Chemist: 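My questions all concern the structure below.
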Amino acid sequence: MRSPVPVPVPVPGRRDEGQVTVEFLGMTPLILLTLVLMWQFVLLGYTFTLAGNAADEAVRAGTAVPEGERQGACEEAGLDKLPDAWGGEVECATSGGYVTADVTLHVPVLFPGSIGFPFDVRGHAGAVEEVKD
């Protein structure tokens, strides 16, 4: 009895042993590009986390000191725990007994400490001014 599906007969002199290698080499640039983009998104997310935490630390320090010393205390506390590769600025303000801190950080490209994107990440925090007796 004959098989309903013909079975391919190997052709002499024709091999496909390197096919997987060729396909992998063709996909390698796409795989590398995907990994680089994922890493860049991780750095962007980490920068947002750092900016929010730095703003929280800055406003916490700013509420505990008199208004004349507030900017210095805010800036010192906001930049204190940042890794060296992330540069940034801290601005503190007081309005109606409410202290706010705005932190601006530069987003690095691929390697922290190297060049940065032309846009910045901002973190904002606020707290009620502590009453001193």
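None of the values given here were measured: they were computed from a predicted structure.
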Chemist: Does a side-chain heavy-atom distance below 4.5 Å link Arg122 with Asp102?
Modeler: no
Chemist: Just wondering, do Pro83 and Tyr46 contact through their side chains at under 4.5 Å, heavy atoms?
Modeler: yes
Chemist: Let me confirm one number: the CG-NZ distance from Asp56 to Lys81, rounded to the nearest 0.5 Å.
Modeler: 10.5 Å
Chemist: Quick one: pull up CG in Asn53 and CD in Glu57 and give me the separation to the nearest 0.5 Å.
Modeler: 5.0 Å
Chemist: Check whether any side-chain heavy atom of Val121 sits under 4.5 Å from a side-chain heavy atom of Leu44, and report yes or no.
Modeler: yes
Chemist: Which pair of heavy atoms, one from Trp86 and one from Pro108, lies closest together, and at what distance?
Modeler: NE1-CD, 3.4 Å
Chemist: Out of curiosity, does Leu32 fall in the hydrophobic cluster containing Phe24 (side-chain heavy atoms, cut-off under 4.5 Å, transitive links)?
Modeler: no
Chemist: Quick one: do Phe41 and Leu43 end up in the same hydrophobic cluster if we chain Ile, Leu, Val, Met, Phe, Trp and Tyr together by side-chain heavy atoms under 4.5 Å apart?
Modeler: yes
Chemist: Would you say Val90 and Thr104 make side-chain contact, with heavy atoms under 4.5 Å?
Modeler: no
Chemist: Quick one: closest heavy-atom pair of Leu50 and Leu82, and the distance?
Modeler: CB-CD2, 3.9 Å
Chemist: Atom CD of residue position Glu76 - does it have more than 12 heavy atoms of other residues, nucleotides or ligands inside 6.0 Å?
Modeler: no
Chemist: With the side chain counted from C-beta on, respond yes when Leu110 and Val36 share a heavy-atom pair under 4.5 Å apart, and no when they do not.
Modeler: yes
Chemist: Taking the side chain as every heavy atom from C-beta outward, state whether Leu105 and Asp120 have any atom pair closer than 4.5 Å.
Modeler: no
Chemist: Is Phe48 reachable from Val103 through a run of hydrophobic residues whose side-chain heavy atoms are each under 4.5 Å from the next?
Modeler: yes
Chemist: Can you tell me if Phe119 has over 12 outside heavy atoms packed within less than 6.0 Å of its CZ?
Modeler: yes
Chemist: Strictly below 4.0 Å, N to O, side chains only: are Arg70 and Glu129 in salt-bridge contact?
Modeler: yes
Chemist: Give the other cluster members for Leu25, using side-chain heavy-atom distances under 4.5 Å between Ile, Leu, Val, Met, Phe, Trp and Tyr residues; answer none if it is isolated.
Modeler: none
Chemist: Below 4.5 Å, heavy atoms only, C-beta onward: do Leu79 and Glu75 meet side chain to side chain?
Modeler: yes
Chemist: What's the spacing between Thr94 OG1 and Gln71 CD if we round to 0.5 Å?
Modeler: 9.5 Å
Chemist: Can you give me the closest heavy-atom contact between Gly88 and His106, atom names plus distance?
Modeler: N-CD2, 4.2 Å
Chemist: So, do Gln40 and Val107 sit near enough that their side-chain heavy atoms are less than 4.5 Å apart?
Modeler: yes
Chemist: For a quick test of reading the model, state the closest non-hydrogen atom pair linking Ala77 to Ala58 and the distance between them.
Modeler: CB-CA, 4.2 Å
